[in-house]
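What follows is a set of notes on a single structure, which appears directly below.
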Amino acid sequence: MPRLSEVIAALESLWPAERAESWDAVGTVVGDPGQEVKRVLFAVDPVQEIADEAVKLGADLLVTHHPLYLRGTTTVAASTFKGRVVHTLIKNDIALHVAHTNADTADPGVSDALAGALDLRVTGPLVPDAADPEGRRGLGRVCELDHPLTVREFAARAAERLPATAQGIRVAGDPEAVVRTVAVSGGSGDSLFDHVRAAGVDAFLTADLRHHPASEFMADHAHRPLALLDAAHWATEWPWCELAAAQLDQISDRHGWDLRVHVSKTVTDPWTAHAASAPVLPGSASGAPSADSPGAPN
């Protein structure tokens, strides 16, 4: 039976803390290095619902992608929601370890898992890590489809293959344009637009695309159509949990640890419902409310 310190050392070999961004907060948040570890639960978010799931499962270690405390704190009082998570974990002898941007740039990492979920062939990182002589680590991935699809068909594939969320997949661009190459980035990706331009791909799938950056990006590509596909943040990062669990399983087998490794299927995306707008008919001026519609300007 391994100690927490041994399991953490194995996780650090996969996602070294020194490869995290300087602003990030990764590593072990709570846990006694000497405690035994039998069960491990992987999840995206260290929220109360996941902490309660870890308790119910009998987990000794919870590994999440998102940090619990990204900007530091002066209290872990149970009167705060993050403090309640800390209290729940400590009371039940559950350690918490975070792999965030160090898992984003890993080989394989978050975007590799996203590409795998979409059945894409990775050809290289979108933003290579200059410290990697093999050129395999870095942010995002540039990929090829197994066969050309229209933007509409590729969006449907993403909606089918990624975990279901209220948002689904939003698309900017011509739905009938042909897609052969794709850039993907798990999590918020509009800071990578310059790299997407340079990659010369047909589409970019990521999350958290904002109005102005997306609008400007599409206007800048009027001469060369390039589609944007915007998925839910949680959905683009959840496939990493399955990849990471499989990696730990392999380490456990090599060491003879016999760990029980689980992946949470709890949806922690904050959006819970979606009401679709009425479709804009071909030839209509806009989808704006008519003069007699509730909410139309006076």
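When atom types are taken as modelled, the side chain of Ser252 and the backbone of Leu259 share a donor-acceptor pair closer than 3.5 angstrom. Counting only distance, with no hydrogens or angles, the side chain of Thr64 and the backbone of Ala43 share no donor-acceptor pair below 3.5 Å. Here the side chain of Arg39 pairs no donor or acceptor atom with the backbone of Val37 at under 3.5 angstrom. The closest donor-acceptor contact from the side chain of Glu237 to the backbone of Val110 lies at 3.5 Å or more, if one exists at all. The closest donor-acceptor contact from the side chain of Ser215 to the backbone of His212 lies at 3.5 Å or more, if one exists at all. Proximity of a side-chain donor or acceptor of Arg3 to a complementary backbone N or O of Gly34 within less than 3.5 Å is detected. A distance-only check finds no donor-acceptor pair linking the side chain of His195 to the backbone of Pro128 [under 3.5 Å]. Not a single donor-acceptor pair under 3.5 Å links the side chain of Thr206 to the backbone N or O of Ala231. Distance alone, capped at 3.5 Å, is enough to place a donor-acceptor pair between the Asn102 side chain and the His100 backbone. Put simply, the side chain of Asp24 gets close to the backbone of Thr101: a donor and an acceptor are under 3.5 Å apart.
Arg170 pairs by the salt bridge (Lys or Arg N to Asp or Glu O under 4.0 Å) definition with Asp230, not counting sequence neighbours. Remark: Asp104 engages His65 in a side chain to side chain donor-acceptor pair (under 3.5 Å) (not counting sequence neighbours). Remark: His255 pairs with Trp257 by the ring-ring contact (aromatic ring centres under 6.0 Å, His included) rule, at least two apart or across chains. Listed by chain and number, the residues in a side chain to side chain donor-acceptor pair (under 3.5 Å) with Glu153 are Thr150 (sequence neighbours excluded).
When hydrophobic clusters are built by joining Ile, Leu, Val, Met, Phe, Trp and Tyr residues whose side-chain heavy atoms come closer than 4.5 Å, directly or via intermediates, Leu226 is not grouped with Val178. In this structure, Leu68 is not a member of the same hydrophobic cluster as Val44, with clusters built from ILVMFWY side-chain heavy atoms closer than 4.5 Å. The cluster map of Ile, Leu, Val, Met, Phe, Trp and Tyr, joined by side-chain heavy atoms under 4.5 Å apart, puts Leu96 and Ile94 in the same cluster. Met218 and Leu209 fall within a single hydrophobic cluster, where Ile, Leu, Val, Met, Phe, Trp and Tyr are joined by side-chain heavy atoms under 4.5 Å apart, directly or via other members.
Under a 4.0 Å N-O distance rule, the pair Asp93/Lys91 does not qualify as a salt bridge. Electrostatic pairing of Arg197 and Asp220 counts as a salt bridge here, judged by a charged N lying under 4.0 Å from a carboxylate O. Contact check on Glu144 versus Arg180 returns no salt bridge, with no Lys/Arg side-chain nitrogen under 4.0 Å from an Asp/Glu carboxylate oxygen.
Counting only heavy atoms from C-beta outward, the side chains of Val142 and Thr181 never approach each other to under 4.5 Å. Side-chain atoms of Lys38 and Met1, non-hydrogen and from C-beta on, do get closer than 4.5 Å to each other. Annotation: side chain of Ser188 is in contact with side chain of His233 (closest heavy-atom distance under 4.5 Å). The side-chain heavy atoms of Tyr69 and Val85, taken from C-beta on, include no pair separated by under 4.5 Å. Using a 4.5 Å heavy-atom cutoff, the side chains of Val196 and Leu126 are in contact. Side chains of Phe204 and Ser185 form a contact here, defined as non-hydrogen atoms less than 4.5 Å apart. Looking only at side-chain heavy atoms (C-beta outward), Ser264 and Ile50 come within less than 4.5 Å of each other. A heavy-atom distance below 4.5 Å is not found between the side chains of Glu242 and Phe42.
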**OP:** Output, in order, the C-alpha distance, side-chain angles, deciding distance and verdict of side chain to side chain contact (heavy atoms under 4.5 Å, CB included) for His274 and Gln167.
**Re:** CA-CA 6 Å; His274 172 77; Gln167 173 179 320; over 6 Å; no
Exercise for the section: Let me see the working for His97 and Leu61 under side chain to side chain contact (heavy atoms under 4.5 Å, CB included), right down to the final yes or no. Expected result: CA-CA 8 Å; His97 187 80; Leu61 170 62; 4.2 Å; yes
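In the hydrophobic clustering, Leu205 connects to Leu114, Leu118, Leu120, Leu145, Leu149, Val151, Phe154, Leu162, Ile169, Val171, Val179, Val182, Val184, Leu229, either directly or through intervening members, whenever side-chain heavy atoms lie under 4.5 Å apart. Other cluster members for Trp23: Leu70, joined by side-chain heavy-atom distances under 4.5 Å among Ile, Leu, Val, Met, Phe, Trp and Tyr.
Defined by atom type and a distance below 3.5 Å, a donor-acceptor pair is missing between the side-chain atoms of Thr165 and Asp269. With 3.5 Å as the limit, one finds a donor-acceptor pair spanning the side chains of Thr88 and Gln48. Inspection of the Glu53 and Thr266 side chains reveals an N or O donor paired with an N or O acceptor under 3.5 Å.
Taking a 6.0 Å sphere around CD of Glu134, one finds it holds 12 or fewer heavy atoms contributed by other residues, nucleotides or ligands.
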